[in-house]
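Take a look at the structure below.
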Amino acid sequence: MSSLWGVFWVDASSQERIKQTYAEIGKLGEVEPNHKAAMHWLSNREERWLLIIDNADDPRIDLHEFFPKGDRGYIIITTRNPAHKLYGNLKPGSFEFQGMEDYDARTLLLRAARLSEPWDADCATWAAKITRQLGFLALALIHAGAAIRNRLCSLKDYLTFYDKNWERIRRTRQLSVDSDGEREEYMSAHATYEVSFNGIAKKGTESSEDAIQLLKIFSFFYFKNIRFDILKKAVINCELEKAEQERKAQQEGERPLTWYQNTSLRCLQY
């Protein structure tokens, strides 16, 4: 890394995010804040640089279109799409990273669940079943541990809730275990999220309803840099709007009746 002039990061989760994050790079180079200007700027640097194209999972995106020209830089692509292996031109071309080791995965799950140590054999057995089912994926294990920690389910019955949610996701997305194994492994993290979401929803308390509403709101935001003042203003503006409506209603009640309203009222009384 010390031999590199700069390290840059591009979010490739969608074509829009690629262009947006490239625009941020363009600002660093004091060029037009768009992806083409940023790529041109990098292409013309004399120094060595590294570009990390992250989360490039969407097969509809032509990644080659977003590679800066020239030979002064290096590009690393992180992806769950095996088709992107073709871009590797330095041996071995690609590295495949599997899930965590068995012991580390069990430790992460049980600590995320905040179960008291030392763990007995029963805990270790159930943890092993869960980690294997979740493909030893760190994010999925953290979700599972959080659900257990918050008593949405227990260590023993976690997989019952998980399988139920996973089946529903499979039916909704029409996934096939045989034809889309890579995609199904990726979706396991989504199923662990669903366990927590449904567990919160079933509580039926005011706090749980607020939590569900916040999660639904956050689903429309990008996952980084969610500004707190947006939520604060939403609450304040709601109170201001309510007060304004009450003020108008009071004014309407104090306002004298017009001739037409007065006449109509008398007719009703007759």
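Note that the structure is predicted; figures quoted are calculated from it, not measured. Heavy atoms only: backbone and side chains are in, while hydrogens, waters and symmetry mates are out. For reference, positions follow the sequence shown, starting with 1.
In the hydrophobic clustering of this structure, L4 groups with I76; members are Ile, Leu, Val, Met, Phe, Trp, Tyr whose side-chain heavy atoms approach within less than 4.5 Å, directly or through other members. Residues F228 and I230 are members of separate hydrophobic clusters, defined by side-chain heavy-atom contacts under 4.5 angstrom among Ile, Leu, Val, Met, Phe, Trp and Tyr. The hydrophobic clustering, which links ILVMFWY residues whose side-chain heavy atoms are closer than 4.5 Å, places F136 and L139 apart. The hydrophobic clustering, which links ILVMFWY residues whose side-chain heavy atoms are closer than 4.5 Å, places I200 and F218 apart. In the hydrophobic clustering of this structure, W9 groups with V7; members are Ile, Leu, Val, Met, Phe, Trp, Tyr whose side-chain heavy atoms approach within less than 4.5 Å, directly or through other members.
Using modelled atom types and a 3.5 Å distance limit, the side chains of T160 and D157 yield no donor-acceptor pair. In the model, N81 has no side-chain atom that pairs as donor or acceptor with a side-chain atom of T79 under 3.5 Å. No side-chain donor from either of R247 and Q250 sits under 3.5 Å from a side-chain acceptor of the other.
Atom CZ in F67 sits 12.0 Å away from atom OG in S43 (nearest 0.5 Å). Rounded to the nearest 0.5 Å, atoms CD (E117) and CG (L110) are 8.0 Å apart. Note: D163 CG to Y158 OH = 9.5 Å, rounded to the nearest 0.5 Å. One distance of note links CG of L51 with CD1 of I75; it measures 5.5 Å at 0.5 Å rounding. Atom-to-atom distance recorded for I130:CD1 and T192:OG1 is 11.5 Å, nearest 0.5 angstrom. In this structure, CD1 on I236 lies 11.0 Å from CG on L231, to the nearest 0.5 angstrom.
The closest side-chain heavy-atom distance from K164 to N198 is not below 4.5 Å. Here the side chains of F161 and L152 are not in contact, with every heavy-atom distance at 4.5 Å or above. At a threshold of 4.5 Å between non-hydrogen side-chain atoms, the residues N237 and E241 do not count as touching. Side-chain contact between K129 and L159: present, with at least one pair of heavy atoms (C-beta onward) separated by less than 4.5 Å. For the pair R80 and N55, the minimum side-chain heavy-atom distance is below 4.5 Å. Within the 4.5 Å cutoff, the side chain of W119 has heavy atoms near those of the T107 side chain. Looking at heavy atoms from C-beta onward, Y193 lies in side-chain contact with L215 at the 4.5 angstrom threshold.
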Check your understanding: Are D58 and Q15 close enough, and set up right, to give a side chain to side chain contact (heavy atoms under 4.5 Å, CB included), and what steps lead you there?
Key -> CA-CA 9 Å; D58 192 340; Q15 194 166 74; over 6 Å; no

Point to revise | Step-by-step side chain to side chain contact (heavy atoms under 4.5 Å, CB included) determination, L240 to E244 | key: CA-CA 6 Å; L240 292 175; E244 180 64 15; over 6 Å; no

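Ion pair K242/E239 not flagged as a salt bridge, since none of the NZ, NE, NH1 or NH2 atoms sits closer than 4.0 Å to an Asp/Glu carboxylate oxygen. Taking the charged nitrogens against the carboxylate oxygens, E24 and K27 do have a contact shorter than 4.0 Å, which makes a salt bridge.
Closest approach of N44 to H40, counting heavy atoms only: ND2-O, 2.7 Å. A147 and S196 get closest at one heavy-atom pair: CB-OG, 3.6 Å. When all heavy atoms of Y162 and V195 are compared, the closest pair comes out as CA-CG2, 3.7 Å. Of all the heavy atoms in M39 and P68, the pair that sits closest is O-CB, 3.8 Å. In terms of heavy-atom proximity, N150 sits nearest to A146 at ND2-O, 2.8 Å. L63 and A56 get closest at one heavy-atom pair: CD1-CB, 3.7 Å.
Counted within 6.0 Å of CD on E206, heavy atoms from surrounding residues, nucleotides or ligands total 12 or fewer; the atom is thus considered open. Within a 6.0 Å radius of CD in E47, more than 12 heavy atoms belonging to other residues, nucleotides or ligands are found.
Of the candidates D11, V10, N34, V10 is the only one forming a side chain to side chain contact (heavy atoms under 4.5 Å, CB included) with Y22.
The closest donor-acceptor contact from the side chain of R48 to the backbone of W5 lies at 3.5 Å or more, if one exists at all. A donor-acceptor pair is defined here as one N or O able to donate and one able to accept, closer than 3.5 Å; such a pair exists between the side chain of R149 and the backbone of A112. No donor-acceptor distance shorter than 3.5 angstrom exists from the side chain of H84 to the backbone of I77, with no hydrogens or angles considered. A distance-only check finds a donor-acceptor pair linking the side chain of D120 to the backbone of C123 [under 3.5 Å].
Using bins of under 30°, 30° to 60° and over 60° for the plane-to-plane angle, the ring pair F66/H35 lands in the tilted bin.
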